[in-house]
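These notes are about the structure you will find just below.
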Amino acid sequence: MATYTLPELPYDYAALAPVISPEIIELHHDKHHAAYVKGANDTLEQLAEARDKDQWGSINGLEKNLAFHLSGHILHSIYWHNMTGDGGGEPLDKDGVGELADAVAESFGSFAKFKAQLTKASATTQGSGWGVLAYEPVSGRLIVEQIYDHQGNVGQGSVPILVFDAWEHAFYLQYKNQKVDFIEAMWQVVNWQDVAKRYTSAKQRANTLLLAP
């Protein structure tokens, strides 16, 4: 029995058009995300075999592979729900996401400053990677992170609540090499209701992180 499974999309392939084409959504979910799920499950099996045989010559590569594929699976699972065809704009109190809006303003100075930072972080991630808005439980504030190859520049314990996929497979068929144009367009489909729920959930779980005195 596989440990990880590919989640179903919460909408059809055409739901995010014209920002993201149906062809990209289909390939991205059915091929790329599925490959991360398979990679995570395969790596777990290889680690189990290593334990059974007490053979650890490949441990560094296996641990790196597990982190890579598992992060890919988790980030993509968030990514699909972070978007909606009825999204965009900014989080506002009148839409029931005032707590998130206040947190963004407190952490970054304003929504405009936050938007600029996440846009730049996403568009300039070295090689392949992600721009991420995360809840950082030690300070209780929101931070922007860059995740390159699914694994870098991440604060330990931070919880991603909004993710922008900046890998070429997320946009190249439609935007060619214009990553910045894709990131700018992404703001039109952000599902602030989903982001707000993730923010509330992350805050509620923050006290589970063991902190040094």
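These figures come from a predicted structure and were not determined experimentally.
Between Pro7 and His29 the shortest heavy-atom distance is O-NE2, 2.6 Å. When all heavy atoms of Ala166 and Ser122 are compared, the pair lying nearest together is CB-O, 3.4 Å. Looking at every heavy atom in both residues, Ser128 comes nearest to Thr125 through O-CG2, 4.2 Å. When every heavy atom of Val132 is checked against every heavy atom of Leu118, the shortest pair comes out as N-CD1, 3.5 Å. Across Lys179 and Ala123, no two heavy atoms sit closer than the pair CD-O, 3.4 Å. Counting all heavy atoms, side chain and backbone alike, Ser158 lies closest to Ile143 at CB-CD1, 4.5 Å.
Taking hydrophobic clusters as Ile, Leu, Val, Met, Phe, Trp and Tyr residues chained together by side-chain heavy-atom distances below 4.5 Å, Leu6 shares a cluster with Leu9. The hydrophobic cluster containing Val195 does not contain Val159, counting ILVMFWY residues as joined when their side-chain heavy atoms lie under 4.5 angstrom apart, directly or transitively. Cluster membership check: Val180 does not share its hydrophobic cluster with Val19, using side-chain heavy-atom separations under 4.5 Å among Ile, Leu, Val, Met, Phe, Trp and Tyr. With hydrophobic clusters built from ILVMFWY side chains whose heavy atoms lie under 4.5 angstrom apart, Leu173 shares a cluster with Tyr13. Transitive grouping of hydrophobic side chains (ILVMFWY, heavy atoms separated by less than 4.5 Å) keeps Tyr148 and Leu70 in distinct clusters.
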Please test Val163 against Ile147 for side-chain contact (heavy atoms from CB on, under 4.5 Å), starting from the C-alpha separation and ending with a verdict.
CA-CA 10 Å; Val163 299; Ile147 302 179; over 6 Å; no
Glu49/Gln55 under side-chain contact (heavy atoms from CB on, under 4.5 Å): CA gap, chis, key distance, verdict:
CA-CA 8 Å; Glu49 183 179 359; Gln55 294 178 352; over 6 Å; no
List the steps and the verdict of side-chain contact (heavy atoms from CB on, under 4.5 Å) for Phe114 and Leu162.
CA-CA 12 Å; Phe114 153 67; Leu162 173 62; 4.2 Å; yes
Using side-chain contact (heavy atoms from CB on, under 4.5 Å), reason through Asn82 and Ile161 one step at a time and then give a plain yes or no.
CA-CA 8 Å; Asn82 272 173; Ile161 63 172; over 6 Å; no
Under the criterion ring-ring contact (aromatic ring centres under 6.0 Å, His included), I'd like the reasoning laid out for Tyr79 against His33: C-alpha separation, chi angles, the key distance, then a yes or no.
CA-CA 11 Å; Tyr79 180 66; His33 188 172; 9.5 Å; no
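To the nearest 0.5 angstrom, Trp167 atom CH2 is 10.5 Å from Leu75 atom CG. To the nearest 0.5 Å, atoms NZ (Lys176) and CG (Asp181) are separated by 13.0 Å. With values rounded to the nearest 0.5 angstrom, Lys38 atom NZ is found 14.5 Å from His73 atom NE2. Rounded to the nearest 0.5 angstrom, Met83 CE and Leu16 CG are separated by 5.0 Å. Rounded to the nearest 0.5 angstrom, Thr43 OG1 and Asn65 CG are separated by 5.0 Å. Atom CG of Asn177 sits about 5.5 Å away from atom OH of Tyr172, to the nearest 0.5 Å.
In this pair, His76 and Trp80 present their aromatic rings tilted. The plane angle is within the 30 to 60° band.
Of the possible polar contacts, none joining the Gln174 side chain to the Phe182 backbone as a donor-acceptor pair under 3.5 Å is found. For Ser201 (side chain) and Lys197 (main-chain N/O), no donor-acceptor pair under 3.5 Å exists by modelled atom type. Looking only at distances, a side-chain donor or acceptor of Ser21 sits under 3.5 Å from a matching main-chain atom of Ile24. Judged by distance alone, with hydrogens and angles left aside, the side-chain atoms of Gln146 form a donor-acceptor pair with the main-chain N or O of Ala121 at under 3.5 Å.
Here the side chains of His28 and Ile20 are not in contact, with every heavy-atom distance at 4.5 Å or above.
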Tabulate below the donor-acceptor pairs under 3.5 Å that side-chain atoms of residues 87-106 make, not counting sequence neighbours, or state none.
{"from": "Glu99", "atom 1": "OE2", "to": "Lys203", "atom 2": "NZ", "distance (Å)": "2.4"}

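Residues Tyr36 and His150 place their aromatic rings such that the two centres sit under 6.0 Å apart.
Put simply, the residue from Phe108, Tyr199, Phe164 that forms a side-chain contact (heavy atoms from CB on, under 4.5 Å) with Leu133 is Phe108.
Judged purely by distance below 3.5 Å, without hydrogens or angles, the side chains of His69 and Asp42 never pair a donor atom with an acceptor atom. Asp54 and Trp56 are linked by a side-chain donor-acceptor pair at a separation below 3.5 angstrom, with hydrogens and angles left out of the test.
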